[in-house]
There are 2 protein chains.
Amino acid sequence: MKTFHEYKNPSLAVDLVVFGYHNNTLSVLLLNRKEEPFKDCWTLPGGFLQMEETFLGTCSRILQTKLGMDEVFLEQLYSFDAPDRDPRGRVIAVGYYALINPAKFQVVGGSMANDVQWFNVRKMPVLGFDHKQIFRQAHERLKSKILYYPVGFELLDDLFTLTELHELYECILQTTIDRRNFRRKILDAEYVINTGMKREGLKNRHPELYKFNKQLKKNNFQINVPTVS
Amino acid sequence: MKTFHEYKNPSLAVDLVVFGYHNNTLSVLLLNRKEEPFKDCWTLPGGFLQMEETFLGTCSRILQTKLGMDEVFLEQLYSFDAPDRDPRGRVIAVGYYALINPAKFQVVGGSMANDVQWFNVRKMPVLGFDHKQIFRQAHERLKSKILYYPVGFELLDDLFTLTELHELYECILQTTIDRRNFRRKILDAEYVINTGMKREGLKNRHPELYKFNKQLKKNNFQINVPTVS
DNA sequence: GTTACTTCACGTTAAATTGACGCAAACAAA
DNA sequence: TTTGTTTGCGTCAATTTAACGTGAAGTAAC
């Protein structure tokens with residue numbers, strides 16, 4: 001077999017949209033760049049693909065070194081190819097999004113700890129590169145995916161109440177969902193398992209704690225939201 | 001701004017899954033390779049991304065030079081990164097799938113005309129590289145997308161009968177769909193417009209010809225198929 | 001022409017699902 | 001005990017779905 005002739009190739013970057021849910025708010029982790037281009041501008045955390053690395057490998061490296069986290073839900077989003085998306089030259093970006101529970105991770109990033117910050121998805125600053133577009137696409141993906149696939153629990157503690165799950169859905173979808181109908185859908189789909197325990201110490205009735213049903217047959221439910229027209 | 005330092009980068013290829021529908025059969029265009037690696041093996045048509053090119057640019061180039069077609073429905077699928085997916089070295093592949101009406105195109109490809117061939121999706125040969133995986137993913141995408149998005153007409157003539165559209169759905173989804181319920185769904189969603197014309201020359205009652213409604217508000221219908229369990 | 005046969009177009013109906021609520025038990029605080 | 005709130009379970013009308021019936025439109029055979 002003849003050996004592979006190496007032409008000049010674009011660089012390949014992986015950019016991450018890391019979603020976290022905390023205090024009834026959906027947030028995204030952004031990095032304040034310390035170098036040109038887009039110095040002092042907020043951007044998605046990202047990194048270049050090393051020659052022997054897989055995309056998930058690059059994701060892990062970014063999550064660990066810049067954000068100090070590991071073992072999170074990751075899904076490939078889309079690849080971005082606009083020729084002028086990076087002023088330094090031709091760079092293709094593969095977008096991934098991650099879902100994490102901020103309570104489980106200390107956001108510290110090596111030397112650039114205080115340059116990493118959570119931003120409410122509804123109060124996003126101007127982003128460098130084409131990261132606004134990547135963020136938007138990730139946000140849309142999350143909103144549509146959560147309707148038919150159980151990803152919500154990735155953002156919550158291992159044990160959660162149905163009210164907490166309900167609030168998460170309302171927050172992500174930015175709409176109101178009838179509490180009782182939501183409850184019926186989630187329970188009928190066997191999305192969750194009742195642990196029998198209750199969350200103590202609240203002012204009012206103590207709600208039951210559920211955990212995610214990992215044996216769930218996928219695509220078993222469909223949350224409906226009122227169509228805005 | 002300091003200029004961009006070019007590390008060694010993986011090559012970037014675009015691989016195409018071109019679907020066509022003909023004689024009640026869903027097919028994919030494959031190329032018989034004349035060079036190593038995978039010489040004499042069937043593979044998806046593909047090509048390397050040029051330095052100034054967009055993904056869609058590469059797609060068009062492949063479609064034109066290898067297959068002699070242009071202006072077709074194209075959608076990005078996924079990017080494939082297995083380090084050993086190409087024996088020549090590190091090659092990242094961005095998968096796209098296309099939907100075409102074979103009646104509209106003469107499949108000829110420059111010097112390699114007779115090396116391009118349609119294969120029934122249910123009688124696929126062994127494929128080189130990781131193209132089986134890319135094909136499978138494209139096939140799954142098509143099957144799920146057609147349920148909630150009007151892509152079927154991309155595979156049909158400009159004018160078609162509801163029976164033809166119905167057969168297309170049954171063929172792609174490999175299931176039976178009630179003829180009368182299907183008809184109602186499609187008509188209620190305003191997926192199609194009745195042209196008033198009829199298809200002549202058939203043995204039995206002459207069915208009405210419809211065209212796709214380009215003003216269709218997307219995501220306006222949901223075809224349900226019996227869940228296999 | 002009449003009959004036979006097939007497809008096409010349009011209904012009907014029972015079952016299932018959805019959307020919009022009601023209500024009482026559980027809890028803390030007054 | 002009373003008050004106010006949240007939680008858990010239920011009801012019911014409206015809508016949607018799944019399954020199936022029937023007659024009109026067409027060709028071919030007689």
Side-chain angles (χ1 to χ4, degrees), chain A residues 23-24 146-148 156-157 159-171 173 175-211 213 217 219-229, chain B residues 23-24 147-148 156-157 159-171 173 175-211 217 219-229:
Chain A
N23 290 124
N24 279 338
I146 204 173
L147 295 177
Y148 66 89
L156 297 173
D157 293 340
L159 299 181
F160 50 86
T161 69
L162 289 186
T163 297
E164 286 161 6
L165 188 63
H166 178 233
E167 284 171 344
L168 171 66
Y169 271 75
E170 290 196 332
C171 173
L173 298 169
T175 183
T176 57
I177 303 171
D178 184 274
R179 182 172 49 87
R180 293 145 292 189
N181 293 338
F182 175 81
R183 181 185 198 80
R184 186 181 40 187
K185 267 287 180 66
I186 294 293
L187 291 176
D188 286 355
E190 301 182 276
Y191 185 131
V192 293
I193 298 169
N194 193 330
T195 63
M197 290 179 284
K198 296 181 180 223
R199 189 175 296 294
E200 309 288 344
L202 297 179
K203 265 210 299 272
N204 301 311
R205 182 173 180 172
H206 296 175
E208 293 172 342
L209 286 168
Y210 289 81
K211 62 179 178 182
N213 175 9
K217 304 182 290 253
N219 283 37
N220 212 14
F221 68 102
Q222 170 71 45
I223 303 293
N224 298 297
V225 293
T227 43
V228 192
S229 59
Chain B
N23 288 123
N24 278 339
L147 294 177
Y148 67 89
L156 297 173
D157 292 341
L159 299 181
F160 50 87
T161 68
L162 289 186
T163 298
E164 286 161 5
L165 188 62
H166 178 235
E167 285 171 345
L168 171 66
Y169 272 75
E170 290 196 330
C171 173
L173 298 170
T175 184
T176 58
I177 302 171
D178 185 274
R179 184 169 44 87
R180 292 145 292 189
N181 294 338
F182 175 82
R183 181 186 197 81
R184 188 173 23 151
K185 267 286 181 66
I186 294 294
L187 290 176
D188 287 354
E190 301 182 275
Y191 182 123
V192 293
I193 297 168
N194 193 330
T195 64
M197 292 179 281
K198 297 183 181 221
R199 189 176 295 294
E200 309 288 344
L202 297 180
K203 263 211 299 273
N204 301 311
R205 183 172 177 173
H206 297 175
E208 293 172 342
L209 285 169
Y210 289 81
K211 62 180 177 182
K217 304 182 290 254
N219 284 36
N220 213 15
F221 68 103
Q222 170 71 45
I223 304 293
N224 298 298
V225 293
T227 43
V228 191
S229 59

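Side chains included, hydrogens not; waters and symmetry mates left out as well; all remaining heavy atoms used. Lettering follows sequence order; numbering is per chain, from 1.
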Apply the test side-chain contact (heavy atoms from CB on, under 4.5 Å) to residues B/Thr176 and B/Val225: give CA-CA distance (whole Å), side-chain angles for both, the deciding distance (0.1 Å), then the verdict. CA-CA 8 Å; B/Thr176 58; B/Val225 293; over 6 Å; no
Just the rounded figure in Å: distance from [atom2] of [N] to [atom1] of [X].
X        : N      : atom1 : atom2 : value
B/Ile186 : C/dC10 : CD1   : P     : 15 Å
B/Asn204 : C/dA9  : CG    : C1'   : 14 Å
B/Glu200 : C/dC8  : CD    : P     : 13 Å
B/Lys185 : D/dA18 : NZ    : P     : 6 Å
B/Arg205 : D/dT27 : CZ    : C1'   : 14 Å
B/Asp188 : C/dA9  : CG    : P     : 15 Å
B/Leu187 : C/dA9  : CG    : P     : 9 Å
B/Arg180 : D/dG21 : CZ    : C1'   : 8 Å

Would one find a side-chain N or O of [X] under 4.0 angstrom from OP1 or OP2 of [N]?
X        : N      : value
A/Lys198 : D/dT7  : no
B/His206 : D/dT27 : yes
A/Lys203 : C/dA29 : no
A/Asn224 : C/dT18 : yes

Around atom NZ of B/Lys185, are there more than 12 heavy atoms of other residues, nucleotides or ligands at under 6.0 Å? yes
Between A/Gly201 and A/Arg184, just flag the one whose closest nucleotide in DNA chain C comes earlier from the 5' side. A/Arg184
Quick one: CD on A/Glu190 to CG on A/Asn213, what's the gap to the nearest 0.5 Å? 6.5 Å
Sugar-phosphate only, base, or nothing, as touched by B/Leu162 at under 4.0 Å among non-hydrogen atoms: nothing
Over all strands shown, is B/Thr161 touching base, sugar-phosphate only, or nothing at heavy-atom distances under 4.0 angstrom? nothing
For the pair A/Ile177 and A/Asn224, evaluate side-chain contact (heavy atoms from CB on, under 4.5 Å) and give the outcome as yes or no after the intermediate values. CA-CA 8 Å; A/Ile177 303 171; A/Asn224 298 297; over 6 Å; no
Under 4.0 Å between a Lys/Arg side-chain N and an Asp/Glu carboxylate O for A/Arg199 and A/Glu208? no
